[in-house]
Trainee: 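This is the structure I have questions about; it appears just below.
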Amino acid sequence: MNYWLMKSEPDEFSIDDLRQRKTEPWSGVRNYQARNFMRAMRAGDGVLFYHSSCAEPGVAGVASVVASAYPDPTQFDPKSDYFDAKSTRAEPRWSLVDVKFKRKLKRVLALTELKDRRELDGFALVRAGNRLSVLPVTRAQWDFILSLEGTAA
DNA sequence: GCCAACGTTGGC
DNA sequence: GCCAACGTTGGC
């Protein structure tokens, strides 16, 4: 079992939206590195749900991967913002996984708080200039981050 | 709204 | 295959 972090702008799709929808296809990722991480995901993998580009960026919930990656249908839809004219059904360029709601954290674990923790030195999320929307998390990082939930901010 | 950090594109 | 220009991400 592996662990990941996935970013979403809460104005677009928040942890509360995921709770309502229960599962959601993670469409629209158009970055090769992020795509490759999704292709490496397997059913049951853990996901930290991260709120980005908002008042309080940080980890807001826990989700899990439903099944292995499959082609992102929005790449074939000319009406979609994510349409990719260079992608073919025979050789789809973009993949996605379905993500399932597990729980909302009791409080948002803020990026500023995560940056202060030496335990997370080297974690891609807290490195300067990180723009990846999907990134791997080690078991140790996963355990440490979730252990912060029960502490004061 | 600014800007740093990158990824992508396209001319050569 | 290089690299400048351009676009996007995302924190602040």
Side-chain angles (χ1 to χ4, degrees), chain A residues 2-21 24-41 45-65 69-99 101-138 140-142 144-149 151-153:
Chain A
N2 290 303
Y3 301 90
W4 313 90
L5 180 144
M6 299 174 89
K7 296 182 184 175
S8 183
E9 301 188 14
D11 291 347
E12 298 291 322
F13 191 81
S14 71
I15 188 68
D16 292 319
D17 295 324
L18 184 63
R19 168 154 55 192
Q20 278 198 329
R21 300 277 276 269
E24 181 75 3
W26 208 263
S27 59
V29 170
R30 295 293 181 267
N31 171 284
Y32 287 105
Q33 210 178 342
R35 180 206 67 181
N36 291 342
F37 286 137
M38 284 202 291
R39 287 182 176 177
M41 292 180 184
D45 280 2
V47 174
L48 296 173
F49 192 103
Y50 180 90
H51 282 173
S52 67
S53 295
C54 57
E56 194 183 22
V59 176
V62 179
S64 69
V65 174
Y70 60 94
D72 180 344
T74 63
Q75 71 196 304
F76 305 122
D77 178 3
K79 293 193 291 293
S80 169
D81 288 344
Y82 303 118
F83 177 64
D84 184 344
K86 292 178 182 160
S87 187
T88 66
R89 285 180 190 277
E91 267 185 89
R93 182 177 291 189
W94 305 110
S95 301
L96 58 70
V97 293
D98 289 350
V99 169
F101 178 82
K102 292 286 239 191
R103 66 191 185 88
K104 181 179 180 176
L105 298 190
K106 297 185 197 77
R107 65 182 185 88
V108 172
L109 308 175
L111 177 62
T112 53
E113 182 182 352
L114 302 181
K115 279 181 171 169
D116 283 343
R117 298 303 197 128
R118 273 177 323 191
E119 290 90 339
L120 297 177
D121 284 357
F123 181 33
L125 182 74
V126 301
R127 279 205 298 263
N130 164 62
R131 293 164 49 199
L132 260 188
S133 63
V134 177
L135 48 101
V137 177
T138 67
Q141 289 162 347
W142 173 276
F144 177 74
I145 290 167
L146 290 180
S147 78
L148 296 173
E149 185 186 9
T151 68

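These values consider heavy atoms only, across backbone and side chains, with no hydrogens, waters or symmetry-generated copies.
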Trainee: Please work out which residues in residues 105-122 of chain A have a non-hydrogen atom less than 4.0 Å from an atom of DNA chain C and list them by number.
Mentor: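 Contacting residues: A:Leu111, A:Thr112, A:Lys115.
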
Trainee: Using the C1' atoms of the five pairs at each end, what is the angle between the end axes of the helix from B:dG1-C:dC12 to B:dC12-C:dG1, to 10°?
Mentor: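 Rounded to the nearest 10 degrees, the bend comes out at 10°.
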
Trainee: Who passes side-chain contact (heavy atoms from CB on, under 4.5 Å) against A:Tyr82, sequence neighbours left out?
Mentor: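 Listed in chain order: A:Arg30, A:Thr74, A:Ser80.
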
Trainee: According to side-chain hydrogen bond (donor to acceptor under 3.5 Å, both in side chains), who are the partners of A:Arg107, at least two apart in sequence or on a separate chain?
Mentor: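 In terms of side-chain hydrogen bond (donor to acceptor under 3.5 Å, both in side chains), with neighbours along the sequence ignored, A:Arg107 is linked to A:Glu113, A:Thr151.
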
Trainee: Return the set of residues passing side-chain contact (heavy atoms from CB on, under 4.5 Å) with A:Asp16 (not counting sequence neighbours), or none when no residue passes.
Mentor: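 Here the qualifying residues are A:Ser14, A:Arg19, A:Lys104.
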
Trainee: Do A:Gln141 and A:Leu48 touch side chain to side chain, with heavy atoms closer than 4.5 Å?
Mentor: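 Heavy-atom side-chain distance check fails, nothing below 4.5 Å.
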
Trainee: Do A:Leu111 and A:Leu125 come close enough that some side-chain heavy atom pair is under 4.5 Å?
Mentor: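 The answer is yes; the side chains approach within 4.5 Å.
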
Trainee: List in chain and number order the residues that pass side-chain contact (heavy atoms from CB on, under 4.5 Å) with A:Arg103, two or more places apart in sequence or in another chain; answer none if no residue qualifies.
Mentor: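 Partners of A:Arg103 under the side-chain contact (heavy atoms from CB on, under 4.5 Å) test: A:Val62, A:Leu105, A:Leu146, A:Glu149.
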
Trainee: Give me each pair satisfying side chain to side chain donor-acceptor pair (under 3.5 Å) with a member in residues 114-136 of chain A, each pair once, sequence neighbours excluded.
Mentor: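 Counting only pairs at least two positions apart or across chains, no side chain to side chain donor-acceptor pair (under 3.5 Å) contact touches residues 114-136 of chain A.
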
Trainee: Can you name the residues that form a side-chain hydrogen bond (donor to acceptor under 3.5 Å, both in side chains) with A:Ser87, not counting sequence neighbours?
Mentor: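 Here the qualifying residues are A:Gln75.
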
Trainee: With sequence neighbours excluded, tell me which residues meet side-chain hydrogen bond (donor to acceptor under 3.5 Å, both in side chains) with A:Trp26.
Mentor: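 Scan of A:Trp26 (side-chain hydrogen bond (donor to acceptor under 3.5 Å, both in side chains), adjacent residues dropped) gives none.
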
Trainee: Can you give me the first and the last nucleotide of DNA chain B (5' to 3') that has an atom within less than 4.0 angstrom of a non-hydrogen atom in chain A?
Mentor: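 Here the contact window of chain A covers B:dA5 to B:dT8.
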
Trainee: Which residues pass the side-chain contact (heavy atoms from CB on, under 4.5 Å) test with A:Tyr32, not counting sequence neighbours?
Mentor: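 Checked A:Tyr32 against side-chain contact (heavy atoms from CB on, under 4.5 Å); matches are A:Arg35, A:Arg93, A:Trp94.
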
Trainee: Within residues 47-56 of chain A, which residues have any heavy atom lying less than 4.0 Å from an atom of DNA chain C?
Mentor: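 DNA chain C contact set from residues 47-56 of chain A: A:Tyr50, A:Ser52, A:Ser53.
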
Trainee: Looking only at heavy atoms, which two atoms of A:Ala124 and A:Leu135 are closest? And how far apart?
Mentor: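 Answer, listing the atom of A:Ala124 first, then A:Leu135: CB-CD1, 4.2 Å.
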
Trainee: Does any non-hydrogen side-chain atom of A:Phe123 lie less than 4.5 Å from one of A:Thr138?
Mentor: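 A:Thr138 does not reach A:Phe123 side chain to side chain.
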
